[in-house]
Amino acid sequence: MARQIGDVILDLKNISLRFGGVKALTDISFDVREHEIRAIIGPNGAGKSSMLNVINGVYRPQEGEIIFRGEHRRNMDTHAAAEAGFARTFQNIALFKGMTVLDNLMAGRNLKMKSNFLQHALWWGPAKREELAHRRKVEEVIDFLDIEHIRKTPVGRLPYGLQKRVELARALAAEPQILLLDEPMAGMNVEEKQDMCRFILDVNDQLGTTIVLIEHDMGVVMDISDRVVVLDYGKKIGDGVPDDVKNNPEVIAAYLGTQH
Amino acid sequence: MAAAPEASTTEASSLDTFPRLLAHHARTLADAPAMREKDMGIWQGWTWSQVADEVAALACGLAELGFKRGDRLAIIGDNRPRLYWSMCAAQILGGVPVPLYQDAVAQEMVFVLLDADIRIAIVEDQEQVDKLLEVREQCPHLQHILYDDPRGLRHYTQPFLHGMDEVLAMGRIHNTNQPDFIVQEIARGKTDDVSIMLYTSGTTGKPKGVCQTHAAFIAAARGGMEVDHLAADGNILSYLPMAWVGDHLFSYAQALLAGFTVNCPESAETVMIDMREIGPSYYFAPPRVFENLLTQVMIRMEDAGRLKRGMFHYFMAVAKRCGADLLDGRPVSGADRLLYALGNIFVYGPLRNVLGMSRIRVAYTAGAAIGPDLFRFYRSIGINLKQFYGQTETCAYVCLQPDRQIKYDSVGKPAPGVEIRIADNGEILVKGPMLLKEYYKRPDATAESINADGYFMTGDAGFLDDDGHLKIIDRAKDVGKLAGGAMFAPNYIENKLKFFPHIKEAVCFGHDRDMVCAFINIDMGAVGNWAERRGIAYAGYTDLAGKSEVYELIQQCVEEVNAELGRDAMVADTQVHRFLVLHKELDPDDDELTRTRKVRRGFVAEKYAVLIEALYGGKPSQFIETEVKFEDGRKGKVAADLVIRDVRTFAKGAA
């Protein structure tokens, strides 16, 4: 069964975000459809990461509205976002470096654990059953991303490319509906990038996860995303399928500069 | 069918095919573990009766797909339980499994697929499916492809692709409808039927399909089982290619005969971890694996604290002095016994544990010569490492080192049932129940390889020593002569070079020349670590290989070998005079090595003819550009200006 892009599940309307006098985002609107890969691109400082932070509630925009699955919100709240099925990876890897890959992934499922602290401490009855069920889910992710060989390796000892993959695994362990990826391919070599592309496409295709990603590598973005939104100086300057965006004069100007 | 009281005796003598052995274990060892595989981070097990059920279902499924008596079934993938079961399923139906090397590129598979007239192939995963789809046009007979792991194959709509789960489900229905089918099919099998076709790696010419019968492999398995007292409580970790004769002997034939447990690792990268978890009692690895393990241990010891390092070196010296003697039951002084016992607690025991070898009863190595120091190291820490000798054509069963009669430079005594004779030209000839039936569709090659007296000509040169142990010198056809008339055995010299951890591969030239020259491949791990310690910066193999410090290091190794050769009058003339370090690693993807990683001497000599000219022409350096093939079939180029060095040689009997 081929992947079917569904209805709009996340709709951002007229979002503006200011830090004091600095306008990070100005009147930005775009939507995300179910099961699609939606890319946010733009030059440095365009407001891409701020946009992602608005989506999962780290920043509260001064103006605008977020509609998630028909529910209108003034802003998201981080905890609510996580419970609603958002998971993300970070530009600078955010993992527990001293813990093993397995423990990091189990931590990624923390939100789904229902037993209380005491039960976990004693590893008794329901807590034990629960942990085993979670471990199974985590093992599925390990299998999915081919990281069996580093299961018990502390994250800090892994090379950078693998840490990035583990971070994706940590986000996937939460079984997200929407996955927010902040530069998943930054600093990787060609081969690692290809692997990561493959994994992102697999996640989207086989798990049906909706993906919003920020990426600098234009080749990658144009190859894997369904629709692209382009930001520049906190404003939206383009939105559409990769081919349209590529030929948009404003986008070309923002990336390559214009002749004066 | 025989009457009840006679049943057991008839059965014992009629366990002459692998399907009958499986059916026998399913009754007698019903609940004992037959196979394990690590899946989802947990070792999953199958008992003998479960395996028999799965194999029966698979055989029925294959029958539904039209697999008939005499058909050949291609099997491609890493060591997976279901791929081993496919072998037995094919044998139940009177068919012949043909395992292929799973790391071969698609084009290399075409030859075997065509030669063996493959109609049905069982493969592991998407990677292998993609390869077969790539060459399907060239293989018009290929009708069905079955895959084990459905991952990534959801959108493949080709009607000739089947998931193994579907085939098993289909087979189960068939099995319920016709419960006698499998029993009858097993009864129709004969011990002289071909049970497997293994393709020779083809050091020269095209690969040939070696047809072996049930009888041959059972004889070979039984002999090994007697020598090493293998029993049903054993464990083996199966991680070497299924297309290799050794894996078929250990993980299939012996496992089915003795009834021990076969463990499949999670993936190629996790073998070391899986090995520690399983703690196999029976282990096989080619010398390079033992060498890599030792290199890793040594690298880690160099990083350890002073106390630990001191302890390690002290007790390793003790082990070197008396460890092997203890293992062989030779007399050892009381003081050494005490020290060794202490060392066992502090060093050898933990080390065996790290290596996953705590429970090893027998470990084997073969396929290439193993360095005496390396071999002694493992024996000295109490691991019963032994060598054997055999070919695909002899079910990897000719000579075995019996316990307590270990000579480092021999491959042991003729195994039970095997006759050995040395021809006038030094070639080793063997005869016994384990000989091949024929080369598939190659009566000419079959006739060429077996002489009038029924001996198989191994193509290896060797001799039997006074105690009846076989010593191998070289491939008979590789043994040449220097222009001066001295015997030139390139392998002999190359092995001496390769015993240095810094040298991964060496190729020597000298036939019809006035001196011996060599190509060297450095060992990236060992030399890389060595360079790091000295603060030598490098960017990849080519750069490291060209460093003058590395040349210095390799030159020392070559000179040591020369000194050793110089001491032996037989080979003193074949000291290495000039050498160079190659700019790329010799690779099976570039056809320079066989899939079992033996150098294809003729091909290498042709490909690098310009380098050989430079070696013998006295040039100080030579530029070369070489095409390389990547795993996905893409091509690239590496170029370098290779330095050529002259090496000190030693006078006969001196040094």
Side-chain angles (χ1 to χ4, degrees), chain A residues 1-4 35 100-106 108-109 128-129 131-154 157-159 161-162 165-166 169 172-173 189-195 197-209, chain B residues 36-44 77-80 124-127 129-130 148-158 161 163 237 239 263-278 292 296 299-300 303 354 356 528 532 539-540 628-636:
Chain A
M1 210 182 67
R3 178 175 65 107
Q4 211 100 63
H35 307 312
T100 64
V101 170
L102 188 62
D103 288 338
N104 268 285
L105 300 200
M106 288 299 277
R109 289 194 65 80
K128 184 174 169 180
R129 278 196 299 278
E131 182 156 334
L132 293 179
H134 285 302
R135 172 71 192 270
R136 188 173 170 90
K137 277 283 167 212
V138 164
E139 285 293 341
E140 280 169 16
V141 175
I142 288 177
D143 180 56
F144 196 87
L145 295 182
D146 278 337
I147 47 176
E148 292 96 345
H149 57 297
I150 50 167
R151 196 186 273 127
K152 302 248 165 100
T153 313
R157 282 202 350 224
L158 296 174
L162 266 179
R165 204 191 299 178
V166 173
L172 280 183
N189 64 31
V190 177
E191 201 183 327
E192 288 170 332
K193 275 185 188 176
Q194 282 177 351
D195 282 349
C197 280
R198 190 73 251 151
F199 287 126
I200 292 174
L201 289 170
D202 278 352
V203 168
N204 176 247
D205 179 59
Q206 294 182 34
L207 308 178
T209 314
Chain B
R36 290 190 202 102
E37 181 191 29
K38 199 172 180 190
D39 187 33
M40 294 289 156
I42 296 170
W43 287 96
Q44 319 276 346
D78 284 326
N79 315 61
R80 297 265 81 96
E124 184 192 0
D125 55 10
Q126 186 186 14
E127 181 190 347
V129 169
D130 285 345
D148 181 7
D149 182 358
R151 191 156 136 213
L153 289 162
R154 228 159 42 107
H155 301 317
Y156 287 52
T157 50
Q158 289 86 340
L161 270 181
L237 187 71
Y239 67 102
N263 300 281
C264 298
E266 197 166 16
S267 72
E269 291 89 50
T270 61
V271 169
M272 275 307 294
I273 305 166
D274 296 332
M275 176 133 169
R276 283 193 68 184
E277 288 174 355
I278 288 293
N292 287 346
Q296 275 174 30
I299 289 172
R300 281 170 64 178
D303 288 334
V354 165
E532 242 168 68
V628 289
K629 245 185 270 172
F630 298 110
E631 232 172 79
D632 59 2
R634 283 181 306 128
K635 286 177 181 170

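Values below: all heavy atoms of this structure, side chains included; hydrogens, waters and symmetry mates excluded. A, B, ... follow the sequence lines: proteins, then strands. Residue 1 opens every chain.
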Near B:Arg151 CZ, under 6.0 Å, is it more than 12 heavy atoms from other residues, nucleotides or ligands?
-> yes

Close side-chain approach of A:Asp205 and B:His155, heavy atoms under 4.5 Å = yes

In terms of heavy-atom pairs under 4.5 Å with chain B, the winner among A:Lys152, A:Arg135, A:Glu140 is A:Glu140

Interatomic spacing from CZ in A:Arg136 to CD1 in B:Ile42 - rounded to 0.5 Å | 7.5 Å

Between A:His149 and B:Ile273, the two heavy atoms sitting closest are O-CD1, 3.6 Å

Identify the heavy atoms of B:Met40 and A:Arg151 that sit nearest to each other, and give their distance.
-> C-NH2, 4.4 Å

Heavy-atom distances under 4.5 Å only: say whether B:Glu266 touches chain A with side chain, backbone, both or neither.
-> side chain

Across all chains, not counting sequence neighbours, the side-chain hydrogen bond (donor to acceptor under 3.5 Å, both in side chains) partners of B:Glu277 are B:Lys38, B:Trp43

Can you name the residues that form a side-chain hydrogen bond (donor to acceptor under 3.5 Å, both in side chains) with A:Glu148, not counting sequence neighbours?
-> none

